[in-house]
Amino acid sequence: MQTTDQLETLLAGLNDPQREAVTYGEGPLLILAGAGSGKTRVLTHRIAYLVATGAAQAGEILAITFTNKAAAEMRERAELLVGRRVRAMWVMTFHAACARILRAHADRLGYTRQFTIYDQADSRRLIKRCMEAANVDPKRFTPAAIHSQISDAKNRMRDAEAYAQMVGSYFEQTVANVYTGYERELHRANAMDFDDLLGRTVNVIELFPEVRSAYQDTFRQILVDEYQDTNPVQYRLLELLSGERRNLTVVGDPDQSVYGFRGADITNILSFEEQFPDAAVIRLEQNYRSTQTILDAANAVIANNRGRKEKQLWTELGEGDPIHVRELDDEHAEARFVVGEIQRLVDAGASLSEVAVFYRTNAQSRVLEDTLVRAEVAYQVVGGTRFYERAEVKDAIAYLTLLVNPQDAGSFSRIVNSPRRGIGVTSVARILGYANTLGASVWEVAAEPASVPGLGAAAIKAVGRFMETMVALRERATSGEASVAPLLGAVLDQTGYLEALRAERTIEAQGRIENLEELVNVASEYDATEGEERSLSAFLQQLSLVADADTREDDKGVVTLMTLHNAKGLEYPIVFMIGCEDGIFPHSRAIEEGALEEERRLCYVGITRAQRDLYMTCARQRTVFGAHGYAVPSRFLGEIPDSLTDRGEQQARGRAGFRERLTSWPASGPAATAETGGQSLRVGRARANPEPPAFALGEDVSDSKFGEGTVIGLEPGGIVVVRFRRDGSERKLLSQYAHLSRR
DNA sequence: TATAAGGGATTTTTT
DNA sequence: ATCCCTTATA
């Protein structure tokens with residue numbers, strides 16, 4: 001118990017509802033936190049308050065988020081309030097908490113504690129295999145469609161058996177068949193997918209009363225962030241963990257529920273009061289982020305949704321500037337407008353890092369990127385291919401995974417012929433099939449390749465050599481020596497993986513090598529961390545739950561580009577929302593499926609990211625999938641009152657296109673100056689400095705691997721494009737690494 | 001068994 | 001337009 005002074009310090013600077021939320025006593029609590037209303041602040045202060053008043057020990061707090069980034073932020077900010085006691089708290093994602101619980105109890109469900117976690121791509125590969133096994137026509141149903149159906153079933157706690165009970169169409173019957181096989185194969189591989197982490201945790205808690213009561217005792221206080229994004233399993237999990245005590249604090253904003261398409265159930269937050277009739281509800285409506293104009297626009301748009309929990313955001317920050325709405329000719333003009341405007345703002349003193357551009361679909365970034373590159377404005381794209389999704393990184397991880405989980409057929413088939421060892425798909429299928437027949441693990445079967453029926457002599461030899469290497473590596477991995485980085489180095493080396501990449505000597509291969517070096521760095525960092533049990537399998541589990549090496553940098557002085565979905569939780573002084581056209585945003589598929597309200601919430605999310613300046617643009621014509629089309633401004637634009645925008649002003653001038661032309665970027669010429677009155681261009685970080693080319697265009701060259709060829713292109717960064725005579729191939733080589741010589 | 005040409009799809013994605 | 005995957009071929 002702390003002194004009153006200390007408690008007062010905790011509460012200082014909080015507004016009334018925030019203070020009420022922080023100090024609320026026992027029982028369920030729903031905090032409806034509007035955008036920018038300080039919900040993380042409330043959560044962390046509540047955590048500190050609970051500890052300070054003795055309502056819970058640090059070790060009795062479970063604070064759940066959806067992303068690692070949010071968990072890290074919460075942990076940091078809680079540490080500022082409670083100090084090192086934060087170490088005892090469970091501040092982590094749903095999946096990480098479940099993985100931790102399962103590492104202790106998965107054996108009760110027939111898994112080992114080294115179980116592998118399959119990410120979406122792993123799952124999809126397995127689904128595909130199961131579809132083949134069940135003779136499903138891949139033309140008729142895609143693995144993605146089937147996986148999403150299975151995932152949806154898992155989110156609703158329907159196992160394969162329950163699903164099969166209620167099929168109503170041929171598609172569902174097909175899914176049921178694949179689902180059954182998929183579950184069997186997952187379990188055989190001692191693997192769980194992301195959905196299983198949640199579902200199996202629920203299973204273990206439901207099935208074993210002693211496990212249940214242990215965790216119910218441990219977690220005296222449970223707090224959940226972004227509650228509007230929870231799905232039915234997560235609800236069940238919270239219900240089980242909070243137990244009789246029901247000290248459950250959930251924070252969220254139903255208007256920011258934008259993940260319904262992946263199973264999030266907005267009714268969790270909308271019906272919280274029915275599910276917990278004694279719940280207190282606190283609304284945080286004061287916004288500390290945006291101007292009143294921006295908030296009014298957001299309020300106006302979201303008001304068109306039905307069945308909401310009413311909420312009116314307000315601020316003391318003042319009215320601010322009107323929202324800039326622009327209609328441009330096409331996506332190129334739109335991009336030029338955005339870039340020109342960014343340059344104008346920068347000239348007026350803004351920093352590029354204050355600017356973000358949001359779009360509905362990733363494909364929209366391309367035109368914008370081209371325009372930014374031409375204008376030499378530095379930018380970063382958030383999302384896209386992530387570090388741990390790169391093939392070489394996944395390969396390296398699969399090698400390690402197979403070493404700790406020799407049952408993992410997925411990892412085995414991923415790397416057995418990577419690098420090429422002359423073990424093709426047929427041979428792999430024979431090995432997997434034989435393992436299936438025997439009910440043995442892939443490892444055991446591969447260790448005796450000669451006994452696999454139908455395996456050719458060459459394949460037997462190749463598999464034998466592969467397994468020789470793997471057995472040696474496994475001995476090393478299980479010898480009790482805990483350092484991961486040296487082991488990873490040995491894997492990359494002894495399996496010939498690095499050698500094969502080096503032999504390619506292409507710019508792409510060089511990039512892959514660098515990625516692998518980065519992975520070794522990640523491993524070294526892991527090796528150096530203190531506390532907790534460090535082991536290869538713990539490392540791998542940690543990796544599998546960190547999808548992104550979080551590439552976004554806030555202070556790099558670059559413009560940030562991302563999808564609206566990725567924008568959730570962020571804020572920028574200046575925001576551009578591009579492609580505000582019906583069919584793009586709201587997306588045509590969403591319109592077809594009647595998912596307009598979720599699109600509108602996405603619009604609400606986008607608008608409320610802006611602190612000071614908000615631009616919304618649309619194009620009259622746009623090329624989609626290579627086809628020209630005319631576009632209509634987004635219905636969401638129409639939902640914003642004209643009085644909040646500069647549309648009237650634009651019309652009053654009677655020359656809507658005039659200003660655009662003034663600030664637009666000339667269609668060509670990288671060094672062109674914007675026609676904005678002769679200001680000098682602010683140029684961002686140069687993207688690549690061309691080195692003096694070692695080779696000249698048209699020069700005849702010779703490469704030790706590809707033979708003779710001709711230089712047909714030179715690109716910045718010392719990249720030489722060569723067409724080789726032998727096979728007519730065009731390859732990009734990095735002159736610095738390539739074994740290239742003049743003839 | 002490994003590489004080249006055709007065909008079809010194509011939203012968003014915290015883990 | 002583009003990417004990915006299947007199919008055809010050396």
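Chain identifiers are assigned alphabetically (A, B, ...) following the order of the sequence lines, protein sequences preceding nucleic acid strands; residue numbering begins at 1 within each chain. Computation of the quantities below employed the complete heavy-atom set of this structure, encompassing side-chain atoms and omitting hydrogens, waters and symmetry-equivalent molecules.
Using a 4.0 Å heavy-atom criterion, one finds that A:Asn566 contacts the sugar-phosphate atoms exclusively. Among the atoms of the strands shown, none is found under 4.0 Å from any heavy atom of A:Thr623. Among the heavy atoms of the strands lying under 4.0 Å from A:Gly422 are primed sugar atoms or P, OP1, OP2 only; no base atom is included. Nucleic acid contact class of A:Asp229 (heavy atoms, under 4.0 Å, all strands): base. A:Phe94 comes within 4.0 angstrom of no nucleic acid atom, judged by non-hydrogen atoms across all strands.
Aromatic ring orientation, A:Phe412 versus A:Phe466: perpendicular (interplanar angle above 60°, classes split at 30° and 60°). Ring pair A:Phe141/A:Phe171 is tilted by interplanar angle, where 30° to 60° counts as tilted.
Atom pair A:Phe358:CZ and B:dT13:P shows a separation of 13 Å (rounding to whole Å applied). If you measure from atom CG of A:Asp122 to atom C1' of B:dT15, you get 13 Å, rounded to the nearest angstrom. Between A:Asp152 atom CG and B:dT13 atom P the separation is 18 Å, expressed in whole Å. Rounded to whole Å, atom P of B:dT15 lies 18 Å from atom CG of A:Asp196. Whole-Å rounding puts the A:Asp370 CG to C:dT2 C1' distance at 14 Å. Here B:dT1 presents its C1' atom at 10 Å from CZ of A:Arg420, a figure rounded to the nearest Å. A:Asn68 has its CG atom 14 Å from the C1' atom of B:dT13, to the nearest Å. B:dA9 atom P lies 12 Å from atom CG of A:Asp137, rounded to whole Å.
Using a 5.5 Å limit on the distance between ring centres and a 30° limit on the angle between planes, the aromatic ring of A:Phe261 counts as stacked on the six-membered base ring of B:dT12.
Side-chain atoms of A:Arg360 lie closest to B:dT12 of the nucleotides C:dC3, B:dT12, B:dT15. Here B:dT1 is the nucleotide among B:dT1, B:dT12, B:dT15 with the atom lying nearest to any side-chain atom of A:Ser427.
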Which protein N or O atoms sit under 3.5 Å from an N or O of nucleotides 4-7 of chain C?
unit_1 : atom_1 : unit_2   : atom_2 : d
C:dT6  : OP1    : A:Lys128 : NZ     : 3.1

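Between A:Val425 and A:Asn362, it is A:Val425 whose nearest contact on DNA chain B lies nearer the 5' terminus.
A heavy atom closer than 4.0 Å to some atom of DNA chain B occurs in A:His587, A:Arg589, A:Glu593, these being the qualifying members of residues 579-599 of chain A.
Between the A:Arg601 side chain and the A:Ser257 main chain, a donor and an acceptor come within less than 3.5 Å of each other. Without hydrogens or angle criteria, A:Thr617 side chain to A:Glu334 main chain gives no donor-acceptor distance under 3.5 Å. A distance-only check finds a donor-acceptor pair linking the side chain of A:Arg430 to the backbone of A:Gly454 [under 3.5 Å]. A:Arg609 contributes no side-chain N or O that, together with a main-chain N or O of A:Tyr572, makes up a donor-acceptor pair within less than 3.5 Å. Looking at A:Gln621, its side chain never comes within 3.5 Å of a backbone N or O of A:His628 through a donor-acceptor pair. A side-chain donor-acceptor contact under 3.5 Å links A:Gln541 to the backbone of A:Phe115. The main-chain N or O of A:Arg289 is never found under 3.5 Å from a side-chain atom of A:Glu571 such that the two would form a donor-acceptor pair.
At the phosphate of B:dT11, neither OP1 nor OP2 sits under 4.0 Å from any side-chain N or O atom of A:Thr563. For the OP1/OP2 pair of B:dT10 and a distance below 4.0 Å, the side-chain nitrogens and oxygens of A:Thr361 include no atom meeting the criterion.
At a threshold of 4.5 Å between non-hydrogen side-chain atoms, the residues A:Phe358 and A:Val605 do not count as touching.
Using atom P as the reference point in both B:dT13 and C:dC4, the two lie 16 Å apart (nearest Å).
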